[in-house]
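Let me begin by presenting the structure, written as structure tokens, before commenting on it.
Counting from 1, the numbers follow the sequence of the chain as shown.
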Amino acid sequence: MSSSKIDKKRKRASDRHDRPSKKPALELQDLPPLSTSVVQDNSELAPVIVTTPGLNQPRDLRLKPYIKAREYSSFGRSANANSARNKGIAASEILLQSSEHPKLDFVGREAEDEVDSQLEHYVAVVDPEKKTWELIAVRKVTLRGSVRNLKPAEDEEESEDEDEEAKTIRSQRTELTNTFGTKQSRKAAQSIAENAQLSNAPAGVANAAESAILSSMPTEPNSDMASKAASLQAQVQATKPLPPANLSATHPSDVYPVETLVPNGLSTLRQLPGVQEWQDTVMSGQAVTTTSRYVARRIEAVVKSGNTTHVQILRFILLLLELTRSLRSGGRDPKSSGGPGSKRLPPREELRRILSSTGSSSFSKNRNADTSSSSSLVPDSIIDSIRRKFVPHGSHLTKNDITLLHTTICALSLHIPPQPNADGGGGNSPNELATDPSDLRDDLRLDNATTLQYFRELGCRVDKPRESEFAKWGVKGGKAEAASRRIVRLKLPVEFPKVSRGGRR
């Protein structure tokens with residue numbers, strides 16, 4: 001039968017703790033009654049209590065102090081404004097630093113927390129003979145250590161450099177293959193190593209085939225590729241139907257000089273008829289009526305500037321625009337056609353009549369009723385020079401010939417400044433030539449993308465008119481209108497469109 005009494009087991013002696021549960025009372029030294037006083041010292045050079053949490057400070061460690069003015073926060077100023085603590089401690093902050101240890105750097109700082117900033121630390125100095133107890137205000141600094149970044153020894157660097165130089169390209173490639181290669185590539189590398197061991201040649205020596213391949217490779221691949229790309233760019237640029245550019249020019253106006261754009265240069269410009277007629281018409285206060293929007297919007301300002309060369313360039317631009325409009329479709333005859341996009345030139349007498357009647361005004365009509373007089377006709381020398389330059393096939397213009405004609409007109413328009421004056425600057429910056437291509441776009445009957453591409457092929461940069469240029473370009477609608485306008489600028493160095501390498505597959 002079970003007993004009704006519950007037997008309690010006693011704990012074994014081994015289960016009991018040897019440490020007593022109660023802490024022993026500290027034995028206080030018998031001191032006589034002492035008089036307490038606080039030392040009033042406002043010096044910033046106060047004693048320092050250094051705490052080293054988680055760190056064993058060397059006994060012979062010497063710390064170098066640095067003192068600076070303390071930056072008070074709003075909490076610290078309000079808390080310590082009426083405090084009786086040391087004014088030097090309250091107004092300055094100390095930092096202790098030492099680099100004497102071979103591997104550690106020690107830095108000691110005062111606590112910056114709001115709670116610690118309210119605490120004041122004191123050290124008591126007891127003098128049993130005088131029976132005094134003096135309290136001195138001190139600083140509390142927390143000292144922490146950090147491992148110093150050791151610089152590698154010079155002998156280790158030299159040994160590493162020697163090891164890297166000793167490795168050949170073949171050995172580096174073999175290591176990469178053994179580490180990251182597939183099973184087949186590792187097997188191939190192993191067989192190459194075995195063949196090198198079985199052969200009489202030392203490892204790493206190339207055979208005759210490898211030596212021939214290495215000798216044919218360029219010694220400076222980067223510079224060779226850059227020179228090839230530059231030569232390819234020059235070859236492609238030379239084959240384009242564009243006027244030749246002077247890449248050694250020191251000013252944008254010399255990139256496409258008038259002597260290159262106009263056949264026979266300035267002598268052709270001086271022979272152009274109608275220049276004096278335009279000048280007399282504008283000076284008499286009457287308007288010059290032309291078939292070109294580009295010329296009509298600029299003739300008055302150009303004539304009033306007094307620059308005769310610009311007036312002659314405008315007259316030649318009008319001549320080329322009329323030549324462009326006089327072209328007819330190529331027709332069905334394959335002998336007389338120059339391929340897709342080609343156009344035929346009108347007969348010589350009809351072409352002379354078209355080019356000679358390019359401008360009119362009421363002043364010129366009253367002055368000379370005979371419009372077909374010899375003074376108003378374009379000379380044969382000018383017509384022949386234009387045909388030799390832009391119609392090399394004699395009777396028709398190919399697609400490339402038409403592109404050369406259009407790009408020549410675009411290059412000539414860069415010589416007409418937006419605000420013409422006598423010196424030729426006319427509102428252009430000293431380092432650029434700029435124009436608005438919208439009027440030429442309408443005269444040539446092209447879309448906006450094709451016109452801008454012509455100027456890009458000439459090396460121009462296309463952007464919006466700047467806010468400081470609104471008055472110069474006639475922008476009256478503010479930034480909204482400027483966002484839809486485009487200005488072409490020719491600057492140095494000239495940047496042509498890069499040769500396309502094809503899109504990614």
Side-chain angles (χ1 to χ4, degrees), residues 234-246 255-265 268-269 272 291-292 294-295 313 315-356 358 378-415 437 439-460 488 496-497 499:
Q235 292 176 5
V236 171
Q237 194 68 24
T239 58
K240 292 181 179 180
L242 299 171
N246 180 18
V255 177
Y256 298 101
V258 179
E259 292 79 4
T260 305
L261 299 176
V262 180
N264 299 328
T268 300
L269 294 180
L272 288 175
T291 57
S292 168
Y294 178 85
V295 176
I313 293 175
R315 184 66 178 87
F316 191 76
I317 290 175
L318 182 59
L319 204 69
L320 296 183
L321 290 174
E322 290 296 335
L323 175 64
T324 304
R325 293 195 187 97
S326 67
L327 300 178
R328 302 170 184 175
S329 58
R332 298 181 180 179
D333 188 3
K335 296 182 180 180
S336 61
S337 176
S342 64
K343 293 186 178 182
R344 290 187 297 110
L345 197 67
R348 186 180 185 87
E349 293 301 327
E350 184 180 354
L351 179 62
R352 184 199 300 273
R353 179 182 56 82
I354 293 173
L355 298 183
S356 300
T358 53
V378 178
D380 292 338
S381 59
I382 296 180
I383 297 178
D384 293 338
S385 61
I386 291 176
R387 292 181 64 136
R388 284 193 300 268
K389 183 176 181 63
F390 300 106
V391 196
H393 302 285
S395 61
H396 64 275
L397 284 80
T398 62
K399 188 176 181 179
N400 286 345
D401 296 336
I402 297 174
T403 303
L404 176 61
L405 178 60
H406 290 172
T407 52
T408 303
I409 295 174
C410 294
L412 282 170
S413 67
L414 294 172
H415 289 273
D439 293 333
L440 279 182
R441 174 198 61 198
D442 299 337
D443 289 341
L444 295 175
R445 300 171 185 175
L446 301 172
D447 56 358
N448 193 49
T450 304
T451 306
L452 295 180
Q453 184 61 29
Y454 281 163
F455 281 99
R456 288 192 181 98
E457 294 293 341
L458 293 173
C460 297
V488 293
F496 298 103
V499 179

Point-to-point distance, once rounded to the nearest 0.5 Å, from [atom1] of [X] to [atom2] of [Y]:
X	Y	atom1	atom2	value
R456	F496	CZ	CZ	14.5 Å
I354	L323	CD1	CG	9.0 Å
L269	E259	CG	CD	8.5 Å
I317	L412	CD1	CG	5.0 Å
L405	L320	CG	CG	5.5 Å
I386	T268	CD1	OG1	8.0 Å

Exam field: side chain [X] to backbone [Y], donor-acceptor pair closer than 3.5 Å:
X	Y	answer
Y294	S413	yes
R441	T451	no
R387	G394	yes

Assess whether a salt bridge exists between [X] and [Y], defined as any Lys/Arg side-chain N lying under 4.0 Å from an Asp/Glu carboxylate O.
X	Y	answer
R328	E350	yes
D401	K343	no
R325	D443	yes
D384	R348	yes

Evaluate side chain to side chain contact (heavy atoms under 4.5 Å, CB included) for N264 paired with S385, printing each intermediate quantity in order.
-> CA-CA 8 Å; N264 299 328; S385 61; 3.9 Å; yes
Are H393 and T398 close enough, and set up right, to give a side chain to side chain contact (heavy atoms under 4.5 Å, CB included), and what steps lead you there?
-> CA-CA 8 Å; H393 302 285; T398 62; 3.7 Å; yes
Contact between [X] and [Y] at the side-chain level, heavy atoms closer than 4.5 Å - yes or no?
X	Y	result
L397	S342	no
V258	H415	yes
T291	L318	yes
F390	T408	yes
I382	L319	yes
L440	F455	yes
L404	L242	no
R388	P263	no

Minimal non-hydrogen separation, [X] against [Y], with atom names:
X	Y	value
L261	K389	O-CE, 3.5 Å
S329	R344	O-NE, 3.2 Å
S395	V391	N-CG1, 4.3 Å

The side chain to side chain contact (heavy atoms under 4.5 Å, CB included) partner of N448 among T450, L452, L446 is L452
Apply side chain to side chain contact (heavy atoms under 4.5 Å, CB included) to T403 and list each qualifying residue two or more places apart in sequence or on a separate chain.
-> P241, T407, Y454
Using side chain to side chain donor-acceptor pair (under 3.5 Å) as the criterion, list what pairs up with T260, not counting sequence neighbours.
-> none
